[in-house]
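Residue numbers start at 1 and run along the sequence shown. This is a predicted model, so every value here is computed, not measured.
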Amino acid sequence: MRKQTYSEEVPVRITAPTSLTTLVQAAMIAAIYVVLTYMANAFGLANYAVQVRFSEALTILPYFTPAAIPGLLIGCLLSNILTGCALPDIIFGSLATLLGAFGTYALRRWKWCAPVCPILANTIIVPLILIYGYGLMIEGLSVLQCFGYYCLTVGAGEVISCGILGMILLFSLQKYKHIIFQRQ
(Lines give C-alpha, C1' and ligand atoms only; values in the text may rest on other atoms or scores of the structure.)
Protein backbone atom coordinates (compact mmCIF):
# COMPACT_ATOMS: atom_id res chain seq x y z
CA MET A 1 0.00 0.00 0.00
CA ARG A 2 1.29 3.41 -0.99
CA LYS A 3 1.38 6.35 1.42
CA GLN A 4 -0.17 9.58 0.32
CA THR A 5 2.14 12.56 0.34
CA TYR A 6 1.18 16.17 0.91
CA SER A 7 2.14 17.12 -2.61
CA GLU A 8 -0.52 14.87 -4.15
CA GLU A 9 -3.82 16.54 -4.77
CA VAL A 10 -6.80 14.88 -3.24
CA PRO A 11 -10.04 15.78 -4.96
CA VAL A 12 -12.43 17.34 -2.49
CA ARG A 13 -16.07 17.54 -3.39
CA ILE A 14 -18.07 19.96 -1.32
CA THR A 15 -21.80 19.51 -1.67
CA ALA A 16 -24.65 21.17 0.08
CA PRO A 17 -26.90 18.97 2.18
CA THR A 18 -30.02 17.87 0.36
CA SER A 19 -32.25 19.83 2.72
CA LEU A 20 -30.28 23.01 2.04
CA THR A 21 -30.45 22.39 -1.71
CA THR A 22 -34.18 21.87 -1.46
CA LEU A 23 -34.59 25.04 0.60
CA VAL A 24 -32.57 27.11 -1.87
CA GLN A 25 -34.45 25.71 -4.87
CA ALA A 26 -37.81 26.41 -3.21
CA ALA A 27 -36.75 29.96 -2.33
CA MET A 28 -35.54 30.65 -5.87
CA ILE A 29 -38.76 29.32 -7.37
CA ALA A 30 -40.82 31.46 -4.97
CA ALA A 31 -38.80 34.55 -5.86
CA ILE A 32 -39.08 33.95 -9.60
CA TYR A 33 -42.83 33.35 -9.20
CA VAL A 34 -43.27 36.73 -7.48
CA VAL A 35 -41.20 38.57 -10.12
CA LEU A 36 -43.12 36.95 -12.99
CA THR A 37 -46.44 37.78 -11.34
CA TYR A 38 -45.41 41.42 -11.03
CA MET A 39 -44.46 41.41 -14.73
CA ALA A 40 -47.87 40.04 -15.70
CA ASN A 41 -49.53 42.63 -13.45
CA ALA A 42 -47.57 45.40 -15.12
CA PHE A 43 -49.05 44.32 -18.45
CA GLY A 44 -52.55 43.91 -16.94
CA LEU A 45 -52.61 40.14 -17.58
CA ALA A 46 -52.74 38.66 -14.07
CA ASN A 47 -56.21 39.60 -12.88
CA TYR A 48 -59.88 39.49 -13.87
CA ALA A 49 -61.60 36.75 -15.85
CA VAL A 50 -58.81 35.80 -18.27
CA GLN A 51 -55.65 35.55 -16.19
CA VAL A 52 -52.38 34.94 -17.98
CA ARG A 53 -49.83 34.86 -15.19
CA PHE A 54 -46.38 34.12 -16.57
CA SER A 55 -45.59 32.70 -13.15
CA GLU A 56 -48.12 29.90 -13.68
CA ALA A 57 -45.72 28.40 -16.23
CA LEU A 58 -43.59 27.47 -13.22
CA THR A 59 -46.25 24.99 -12.09
CA ILE A 60 -44.52 22.39 -14.27
CA LEU A 61 -41.42 22.53 -12.05
CA PRO A 62 -42.58 19.73 -9.69
CA TYR A 63 -41.99 17.52 -12.75
CA PHE A 64 -38.28 18.09 -12.05
CA THR A 65 -38.06 18.57 -8.29
CA PRO A 66 -40.30 18.26 -5.23
CA ALA A 67 -38.71 21.50 -3.96
CA ALA A 68 -40.99 23.29 -6.41
CA ILE A 69 -44.08 22.40 -4.36
CA PRO A 70 -43.33 24.66 -1.35
CA GLY A 71 -41.67 27.17 -3.69
CA LEU A 72 -44.82 27.55 -5.76
CA LEU A 73 -47.04 27.77 -2.67
CA ILE A 74 -44.91 30.49 -1.07
CA GLY A 75 -44.49 32.33 -4.36
CA CYS A 76 -48.23 32.36 -5.03
CA LEU A 77 -49.04 33.32 -1.45
CA LEU A 78 -46.58 36.23 -1.51
CA SER A 79 -47.73 37.31 -4.97
CA ASN A 80 -51.36 37.36 -3.91
CA ILE A 81 -50.56 39.32 -0.75
CA LEU A 82 -48.23 41.80 -2.45
CA THR A 83 -50.56 42.48 -5.37
CA GLY A 84 -53.47 43.27 -3.03
CA CYS A 85 -55.71 40.29 -3.63
CA ALA A 86 -58.74 39.65 -1.42
CA LEU A 87 -58.29 37.24 1.50
CA PRO A 88 -60.24 34.39 -0.18
CA ASP A 89 -57.95 34.75 -3.20
CA ILE A 90 -54.85 34.73 -1.02
CA ILE A 91 -55.98 31.55 0.72
CA PHE A 92 -57.80 29.57 -1.94
CA GLY A 93 -55.77 30.80 -4.91
CA SER A 94 -52.62 29.65 -3.14
CA LEU A 95 -54.27 26.32 -2.30
CA ALA A 96 -55.20 25.88 -5.97
CA THR A 97 -51.54 26.35 -6.88
CA LEU A 98 -50.54 23.89 -4.16
CA LEU A 99 -53.01 21.28 -5.45
CA GLY A 100 -51.75 21.78 -8.97
CA ALA A 101 -48.13 21.41 -7.82
CA PHE A 102 -48.88 18.17 -5.96
CA GLY A 103 -50.70 16.89 -9.04
CA THR A 104 -47.79 17.73 -11.32
CA TYR A 105 -45.42 15.92 -8.98
CA ALA A 106 -47.74 12.91 -8.80
CA LEU A 107 -47.95 12.71 -12.61
CA ARG A 108 -44.24 13.37 -13.23
CA ARG A 109 -43.80 10.06 -15.06
CA TRP A 110 -45.93 11.39 -17.89
CA LYS A 111 -44.37 14.56 -19.29
CA TRP A 112 -47.46 15.69 -21.19
CA CYS A 113 -49.56 15.52 -18.01
CA ALA A 114 -47.38 18.09 -16.18
CA PRO A 115 -49.73 21.06 -16.78
CA VAL A 116 -53.02 19.16 -16.41
CA CYS A 117 -53.46 19.42 -12.62
CA PRO A 118 -52.60 23.14 -12.34
CA ILE A 119 -54.98 23.87 -15.21
CA LEU A 120 -57.81 21.87 -13.61
CA ALA A 121 -57.23 23.16 -10.06
CA ASN A 122 -57.26 26.80 -11.14
CA THR A 123 -60.09 26.35 -13.64
CA ILE A 124 -62.33 25.05 -10.86
CA ILE A 125 -61.20 27.07 -7.82
CA VAL A 126 -60.51 30.53 -9.29
CA PRO A 127 -64.06 30.99 -10.68
CA LEU A 128 -65.41 30.32 -7.19
CA ILE A 129 -63.01 32.96 -5.84
CA LEU A 130 -64.18 35.44 -8.48
CA ILE A 131 -67.83 34.83 -7.62
CA TYR A 132 -67.70 34.50 -3.83
CA GLY A 133 -64.44 36.28 -2.95
CA TYR A 134 -64.84 39.29 -5.22
CA GLY A 135 -68.59 39.18 -5.86
CA LEU A 136 -68.08 39.30 -9.62
CA MET A 137 -71.50 38.32 -10.86
CA ILE A 138 -72.49 39.04 -14.43
CA GLU A 139 -75.82 40.85 -14.57
CA GLY A 140 -78.61 38.61 -15.80
CA LEU A 141 -76.70 35.36 -15.24
CA SER A 142 -77.18 32.84 -12.46
CA VAL A 143 -74.33 31.72 -10.21
CA LEU A 144 -74.02 28.52 -12.22
CA GLN A 145 -73.89 30.43 -15.52
CA CYS A 146 -71.26 32.80 -14.12
CA PHE A 147 -69.29 29.83 -12.84
CA GLY A 148 -69.40 28.25 -16.30
CA TYR A 149 -68.32 31.50 -17.96
CA TYR A 150 -65.44 31.99 -15.54
CA CYS A 151 -64.38 28.36 -15.94
CA LEU A 152 -64.04 28.99 -19.67
CA THR A 153 -62.15 32.26 -19.32
CA VAL A 154 -59.90 31.21 -16.43
CA GLY A 155 -59.35 27.85 -18.11
CA ALA A 156 -58.27 29.61 -21.31
CA GLY A 157 -55.74 31.68 -19.35
CA GLU A 158 -54.46 28.57 -17.59
CA VAL A 159 -54.07 26.69 -20.87
CA ILE A 160 -51.94 29.59 -22.13
CA SER A 161 -49.95 29.95 -18.87
CA CYS A 162 -49.51 26.34 -17.80
CA GLY A 163 -50.21 24.39 -20.96
CA ILE A 164 -48.35 26.41 -23.58
CA LEU A 165 -45.81 28.51 -21.65
CA GLY A 166 -45.32 25.76 -19.06
CA MET A 167 -44.58 23.11 -21.67
CA ILE A 168 -42.20 25.45 -23.48
CA LEU A 169 -40.42 25.87 -20.15
CA LEU A 170 -40.45 22.12 -19.49
CA PHE A 171 -38.86 21.31 -22.84
CA SER A 172 -36.34 24.14 -22.41
CA LEU A 173 -35.28 22.86 -18.99
CA GLN A 174 -35.29 19.19 -20.00
CA LYS A 175 -31.82 19.47 -21.51
CA TYR A 176 -30.38 21.02 -18.31
CA LYS A 177 -32.36 19.16 -15.64
CA HIS A 178 -29.32 17.23 -14.37
CA ILE A 179 -27.46 20.50 -13.82
CA ILE A 180 -30.25 22.68 -12.43
CA PHE A 181 -32.18 20.09 -10.44
CA GLN A 182 -29.41 17.68 -9.51
CA ARG A 183 -30.11 15.46 -6.57
CA GLN A 184 -27.54 14.84 -3.88
Check against side chain to side chain contact (heavy atoms under 4.5 Å, CB included), V116 and W110: CA-CA 11 Å; V116 171; W110 301 280; over 6 Å; no
F171 vs W112 aromatic rings, parallel, tilted or perpendicular, using cut-offs 30° and 60°? tilted
Which atom pairs, donor and acceptor, lie under 3.5 Å between side-chain atoms of residues 127-138 and protein residues at least two apart or in another chain?
residue	atom	partner	partner atom	Å
Y134	OH	A86	N	3.0
Y134	OH	D89	OD2	2.8

Would you say that F43 contacts V52 through its side chain, given a criterion of any heavy-atom pair below 4.5 Å between the two side chains? no
Should T104 and P118 count as side-chain neighbours, where that means a heavy-atom distance under 4.5 Å? yes
Joint cluster assignment, V126 & V143, ILVMFWY side-chain distance < 4.5 Å: yes
Just by modelled atom types, is the S142 backbone N or O under 3.5 Å from a matching donor or acceptor in the Q145 side chain? yes
Is there side-chain contact between I125 and V154, with at least one heavy-atom pair below 4.5 Å? no
Considering only heavy atoms from C-beta outward, does the side chain of T22 approach that of P66 to under 4.5 Å? no
Does the side chain of Q25 pick up a donor-acceptor pair with the side chain of T65 at under 3.5 Å? yes
Nearest 0.5 Å please: distance from the SG atom of C162 over to the CD1 atom of I119. 5.5 Å
Quick check: do E56 and L36 have side-chain heavy atoms less than 4.5 Å from each other? no
M167 atom CE: more than 12 heavy-atom contacts under 6.0 Å: yes
Find out whether E158 and R53 are in side-chain contact, i.e. whether some heavy atom of one side chain is under 4.5 Å from a heavy atom of the other. no
Donor-acceptor contact present, side-chain S94 to main-chain L73, <3.5 Å: no
Donor-acceptor under 3.5 Å (T123 side chain, C151 main chain): no
Can you tell me how far apart CG (N41) and CZ (F54) are? Round to the nearest 0.5 Å. 10.0 Å
Between L61 and L173, is a side chain to side chain contact (heavy atoms under 4.5 Å, CB included) present by the stated rule, with each step listed? CA-CA 9 Å; L61 292 179; L173 293 175; 3.6 Å; yes
Could you measure the distance from the OH atom of Y38 to the OG atom of S79? Nearest 0.5 Å is fine. 7.5 Å
Let me confirm one number: the CD1-CG distance from I69 to L72, rounded to the nearest 0.5 Å. 8.5 Å
Under the side chain to side chain contact (heavy atoms under 4.5 Å, CB included) rule, what do Y33 and C76 come out as? Steps first, then yes or no, please. CA-CA 7 Å; Y33 191 101; C76 184; 3.8 Å; yes
Are L170 and F64 side-chain neighbours, meaning at least one heavy-atom pair lies under 4.5 Å? yes
